Amino acid sequence: MTELNDLKLKVLELLKEDARRTPTLLATLLGVAEQDVCTAIKELEDQHVIVKYAAVVNWDKVDDEKVTALIEVQITPERGRGFEGIAERIYLYPQVKSVYLMSGAYDLLVEVEGRNLREVANFVSEKLSPIDSVLSTKTNFTLKKYKQDGIIFEDHQEDNRLMISP
Amino acid sequence: MNIKPEALTDSNKAMSSYLSPLVREIPSSGIRKFFDLVGGNKDIITLGVGEPDFTTPWHMREACVYSLERGFTSYTSNAGTPELREAISEYLDEQFAVRYDPKSEIIVTVGGSEAIDLALRALIVPGDEILVPEPCYISYSPITSIGGGIPVGIETFAKDEFKLTAEALEAKITPKSKVLILCYPSNPTGATMTYEDWLPIAKVVEKHDLIVISDEIYAELNYGEKHVSFAAMPGMMDRTILVSGFSKAFAMTGWRIGYTCGHPDLIAAMLKIHQYTVMCAPSMGQVAALEGLRNGLGEKDRMVEAYNQRRRLMVEGFREIGLECHEPRGAFYVFPSIQSTGLSSDEFAQRLLAEAKVAAVPGNVFGLGGEGYLRCSYATSVSQLTEALDRIGHFVEKVRKEG
């Protein structure tokens, strides 16, 4: 586990809010030199703490709608490797967006994205279920996304404050 | 009173002639005037708001909702619920080292504004002079006048970081001086006072036997040395009526929950006025405030950190534009000088609004020493502030070319 100093933590928080913030802006907001921010970001990237800069997209707003399913997967762990090998086999598929090892009633939670229901169903029946160690799958289709990564999708809360106040 | 409009017309008597001269003679607020100019235009970026852009943290709102569901809708005791007064007492002791007895030295009020009104009404004998360092929050002088007192402004200056000095205070004292109103961290300048700054002020206060109303509503929004309450200065506890509340630090402006603390004799007098006018502060707001003190300090700190980041952005932004800007160490305002543009505060603010669609408050509305400055609140998102600075920069460039 990487131990981060205060500056790196603050940089991470500010970039998590808005990844487009420039080092110049971050330096101003934090009251430090721009070079320090650049160094911190570089180290965070090198340490693979910052993995990628991506937009959070509300696909429901786009014509090209996608279907997402959260699949609960029960598996038999492999001798010596536990769940790692199976997890890797699963996460390498491009249609798999995330894989989590879970405690509780099932072992892996697999997020799969497809263009339609049939595509996701085919992936489950043709790719996921036939894996030897997979004991069972339970597919839950996402009907609507309300919040992701701390961002509320339908939150159009307007600034109701008076334009000028004491 | 049942006066028919035609009766008024017949006698040619204006309705305003019924008003108390004390009220009639109070000029309307400069902020109000500017508010009317801005209107409901939504395309404007506003730096004119004197309140947090955060919503009251959810767990505090939820505590209020649950209390309503349980039917907690009745009056509380006049001074506020015992639980909230105890929590306020502990909070002030821990945060600012001032200790008040929750039973006899604290009243929960309808915002800090009511607390200031109570204090002034309890103290003023008509003709008393009330000293107010300016530029300052716009309400102190009018409330003083309504109470029959005479407001006496003490000008403060950017070269002193808008701090009050003992010399300036002493120069305004007369035999009629009775009360000194302090507001640090300051709205509109963001000025703060340190222990060393307060010491000579405390000596003058003692020498001239003044009572101090210390409005510390922005105490938590402090970005330099930790806030020093005037009540915590040696010998000042009994002379000081501390006023604060939840509006700014806990993002609770609309709830109207404030509090005031002081010597039991003064608090007892203020409680009389409070119980005969408002009875008690809203019960549901008191529930939310208590939840804030018990479980909301982390969120308060998070908001303060966000303000601090924006403060740096604004100070640096104005300096890059070429406008002098002293570094505010408290509240959420910057108070840049616009004197180098050759425009008055009013002209600058009005043209900025019309030509750059940015609303800010002209400094002159805050009293002596405010002319030549602009109050800009940074209680707005970083992206809005960045855009506002960009627009102000272009506007200033244009004005300079004209000159």
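The structure presented is a predicted model; accordingly, all values stated were derived computationally and were not measured. Below, read A as the first sequence line, B as the second, and so on, with proteins coming before strands; counting in each chain starts at 1.
Other residues, nucleotides and ligands contribute over 12 non-hydrogen atoms within 6.0 Å of the NZ atom of Lys66(A). Within a 6.0 Å radius of CD in Glu225(B), no more than 12 heavy atoms belonging to other residues, nucleotides or ligands are found. Remark: Glu88(A) CD is packed, more than 12 non-hydrogen atoms of other residues, nucleotides or ligands lying under 6.0 Å away. By the neighbour-count criterion of 12 heavy atoms within 6.0 Å, atom OH of Tyr146(A) is sparsely surrounded, having that number or fewer from other residues, nucleotides or ligands. More than 12 heavy atoms of other residues, nucleotides or ligands lie within 6.0 Å of OH in Tyr93(A), so this atom counts as buried by the packing criterion. Heavy-atom neighbours of Glu324(B) CD from other residues, nucleotides or ligands within 6.0 Å: at or below the threshold of 12. Other residues, nucleotides and ligands contribute more than 12 heavy atoms inside 6.0 Å of the CG atom of Asn5(A). Heavy-atom contacts from other residues, nucleotides or ligands closer than 6.0 Å to CZ of Arg319(B) number more than 12.
Heavy atoms of Val315(B) lying under 4.5 Å from chain A are absent altogether. For Glu51(B), the parts sitting under 4.5 Å from any heavy atom of chain A are the backbone and the side chain alike. Using a 4.5 Å cut-off between heavy atoms, Arg375(B) contacts chain A through its side chain alone, with no backbone atom that close. Using a 4.5 Å cut-off between heavy atoms, Ile44(B) contacts chain A through both its backbone and its side chain. With a 4.5 angstrom heavy-atom cutoff, Ile31(B) touches chain A via backbone and side-chain atoms both. Thr55(B) touches chain A through its side chain: at least one heavy atom from C-beta onward sits under 4.5 Å away, while N, CA, C and O do not. Using a 4.5 Å cut-off between heavy atoms, Tyr137(B) contacts chain A through its side chain alone, with no backbone atom that close. Heavy atoms closer than 4.5 Å to chain A are found in both the backbone and the side chain of Val49(B).
Between Asp36(B) and Ile164(A) the shortest side-chain heavy-atom distance does not fall below 4.5 Å. Put simply, the side chain of Arg312(B) does not reach to within 4.5 Å of the side chain of Leu29(A), judged on heavy atoms. The closest side-chain heavy-atom distance from Leu14(A) to Gln309(B) is below 4.5 Å. A heavy-atom distance below 4.5 Å is not found between the side chains of Leu162(A) and Thr46(B).
Atom OG of Ser377(B) sits about 6.5 Å away from atom CZ of Arg161(A), to the nearest 0.5 Å. Taken from OG1 in Thr28(A) to CZ in Arg310(B), the straight-line distance is 15.0 Å, to the nearest 0.5 Å. Rounded to the nearest 0.5 angstrom, Arg21(A) CZ and Ser383(B) OG are separated by 7.5 Å.
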Notebook entry, point to check: Does the pair Leu25(A) and Leu313(B) meet the rule for a side-chain contact (heavy atoms from CB on, under 4.5 Å), with working shown?
Noted result: CA-CA 8 Å; Leu25(A) 178 60; Leu313(B) 176 68; 3.5 Å; yes
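Counting heavy-atom pairs under 4.5 Å between each of Asn187(B), Asp53(B), Thr386(B), Thr253(B) and chain A puts Asp53(B) at the top. No other option in Gly50(B), Ser29(B), Ala360(B) has as many heavy-atom pairs under 4.5 Å with chain A as Gly50(B). If you tally non-hydrogen atom pairs under 4.5 Å between each of Leu37(B), Asn308(B), Val38(B), Val365(B) and chain A, the highest count goes to Val38(B).
When all heavy atoms are compared, the tightest approach of Pro166(A) to Tyr333(B) is O-OH, 4.0 Å.
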